[in-house]
Structures are given as structure tokens and as C-alpha cells.
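What follows is a set of notes on a single structure, which appears directly below.
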Amino acid sequence: MRANKVNGFSLLELLVVLGLIGLIAAVATPGFSSDNELKLARAADQVATALRFARSEALRTGEGRGLTISQVTQVVTVKAHDLTTTPIGTLGTLTHPVSKQPYQFNIESDSGTAGVTINNSDDVFEYEDVGRRRSLIFDASGTPIWILSSGPIGYPLINGTIELRYGDHERVVGVSPITGRVSIQ
């Protein structure tokens, strides 16, 4: 007589394999939760998109466009500027191209970015000869500048970094001084 042979895995073998897969997954997963990373990435994308939109509108219209970033209120506002008047004028908040609402958002309290904060201790944009400001203007050629209200002289951007923080993690959105190129690190 021949004994019936059953092919397959024992319960112990299956548990060992599942344990190894779990261990490999735990090691391969970064130490920072996906929810934290997602909120921080969304906030960085929102700020970078607002900067890119302001610059593209300045290039498209040939008029001053920019944004203001307030660390106090955590609000980012995209604005239209009149660079032909002295002092320069703010024509108002631009309209978001998709929602058709005023292009303004709160980093700290919006649903997708709640808890993320603008972490700069000083105003985020630094200009030659005039120091730090919370606003940035792109001229008709897309160059990031600052114009004092007393005259039409454009002061070039030296440093434009927006530090975003969620818990112990940080992302930085940067604006290149000459080209106005926006990057996320």
C-alpha cells in the first residue's frame, strides 16, 4: 500500500514567510508616515504652484504679478500689481485658474495641509539694498523683484526660500533670484 502524499505548506512555514515579508516591508518603508509626508508635499506643491502661476501671469500679461506670504496668518495670496504708478499699486487678488475663486489659501488650516506651517523666522524674501519682505513681485520678464512704493526702481531678489514644517519634518520651496525658477527641496 502506498501512503497518500499531500503537497502544500504547513501553517508554520506560512507564518515564517509572512513574518519575513512583514520585516522586509517595515525596513523598506521610510520612518515618516505617509500622512505626514503627503500633507507636507501638498503644502509645498501649493506654494510652488502659486509662485509659478504668478510668474506665468506676469510673462503672459506683461504686468506685475506676485504673492504675499504671511507667517503670522499662514496665508498665501497671489496678487496683481500696477508697476506703472508711484507708489506701485496692488490691483487685487488674482483668480485661481481652476476654481475661479480668489487665489488665496491658508497653509495651516486648509483640509489637505492642516498642521503644516510656514516656519521662516523672518520675512521669506530677501532683496538687495532693502532687506526682507513678505511679498514678491515678478516683472514682465518673469524676474523676481521688489519695488519700493517711492519709485519704479526694481531691487533684485537675493534669497527666496519658504520653509514649510510639519512636526519634525521640513520642505523648502525656493525661488531663483535671476530666473524666477521655482523648486521644491
Side-chain angles (χ1 to χ4, degrees), residues 21-22 24-61 63-81 90-127 132-139 141-146 157-185:
I21 289 172
I24 291 168
V27 169
T29 303
F32 140 33
S33 85
S34 61
D35 187 44
N36 294 352
E37 174 143 356
L38 187 58
K39 284 184 178 189
L40 199 51
R42 277 187 192 143
D45 286 342
Q46 276 188 332
V47 172
T49 300
L51 284 160
R52 289 177 183 130
F53 178 71
R55 184 173 185 275
S56 70
E57 283 297 291
L59 289 166
R60 184 182 71 80
T61 64
E63 299 172 353
R65 301 291 186 255
L67 73 159
T68 299
I69 297 178
S70 172
Q71 298 98 302
V72 175
T73 63
Q74 299 290 303
V75 172
V76 176
T77 307
V78 182
K79 297 180 176 183
H81 298 278
T90 299
L91 300 173
T93 302
L94 291 179
T95 302
H96 191 283
V98 176
S99 71
K100 306 301 183 205
Q101 299 298 313
Y103 204 147
Q104 182 174 21
F105 55 92
N106 187 310
I107 293 287
E108 191 174 40
S109 66
D110 281 2
S111 61
T113 59
V116 176
T117 58
I118 300 165
N119 198 48
N120 296 59
S121 57
D122 294 322
D123 287 335
V124 297
F125 303 109
E126 183 179 6
Y127 299 93
R132 294 195 162 278
R133 300 285 189 262
R134 62 187 186 117
S135 297
L136 173 94
I137 299 171
F138 292 101
D139 66 10
S141 65
T143 303
I145 59 169
W146 178 253
L157 180 71
I158 295 172
N159 180 13
T161 55
I162 301 99
E163 300 165 5
L164 301 169
R165 180 170 293 280
Y166 189 82
D168 293 335
H169 305 284
E170 184 175 276
R171 290 249 174 132
V172 175
V173 178
V175 181
S176 177
I178 297 171
T179 64
R181 182 178 171 267
V182 177
S183 61
I184 301 173
Q185 298 133 12

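Residue numbers start at 1 and run along the sequence shown. All values below come from the heavy atoms of this structure, side chains included, with hydrogens, waters and symmetry mates left out. Fair warning: this is a prediction, and the values are worked out from it, not measured in the lab.
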Quick check: closest heavy atoms across [X] and [Y], and the distance to 0.1 Å?
X    : Y    : answer
R171 : I184 : CD-CG2, 4.2 Å
A114 : Y166 : O-CE1, 3.4 Å
G64  : I137 : CA-CG2, 4.3 Å
L136 : Y127 : CA-OH, 3.1 Å
V182 : R52  : O-NH2, 3.0 Å
N106 : S109 : OD1-N, 3.1 Å

Taking the side chain as everything from C-beta on, heavy atoms only, tell me whether [X] gets closer than 4.5 Å to [Y].
X    : Y    : answer
H81  : L91  : no
I158 : P177 : no
L157 : E126 : no
Q46  : V76  : no
L51  : V173 : yes
P144 : F125 : no
I69  : I118 : yes

Tell me every residue that passes side-chain hydrogen bond (donor to acceptor under 3.5 Å, both in side chains) with E63, counting only those two or more places apart in sequence or in another chain.
R65
Any donor-acceptor pair under 3.5 Å from [X] side chain to [Y] backbone:
X    : Y    : value
N120 : E163 : yes
S70  : T73  : yes
T90  : G92  : no
S56  : F53  : yes
T95  : K100 : no
S99  : Q101 : yes

What is the distance from atom [atom1] of [X] to atom [atom2] of [Y], rounded to the nearest 0.5 Å?
X    : Y    : atom1 : atom2 : result
N119 : Q74  : CG    : CD    : 8.5 Å
L67  : R55  : CG    : CZ    : 13.5 Å
T68  : R133 : OG1   : CZ    : 12.0 Å
D123 : R134 : CG    : CZ    : 7.5 Å
I162 : Q71  : CD1   : CD    : 9.5 Å

Hey, mind stepping through N159 and R132 against side chain to side chain contact (heavy atoms under 4.5 Å, CB included) and telling me if it holds?
CA-CA 9 Å; N159 180 13; R132 294 195 162 278; 3.8 Å; yes
Candidate pair E37 and R42, rule salt bridge (charged side-chain N to carboxylate O under 4.0 Å, His left out), full reasoning
CA-CA 8 Å; E37 174 143 356; R42 277 187 192 143; over 6 Å; no
Between V172 and L164, does the side chain to side chain contact (heavy atoms under 4.5 Å, CB included) criterion hold? Intermediate values first, please.
CA-CA 6 Å; V172 175; L164 301 169; over 6 Å; no
Could you walk me through whether D139 and S141 satisfy the side-chain hydrogen bond (donor to acceptor under 3.5 Å, both in side chains) test, starting with their C-alpha distance in whole Å, then the side-chain angles of each, then the deciding distance to 0.1 Å, before giving a yes or no?
CA-CA 5 Å; D139 66 10; S141 65; 2.8 Å; yes
In plain terms, say whether K79 and E57 are close enough for a salt bridge, that is, a side-chain N and a carboxylate O under 4.0 Å apart.
no
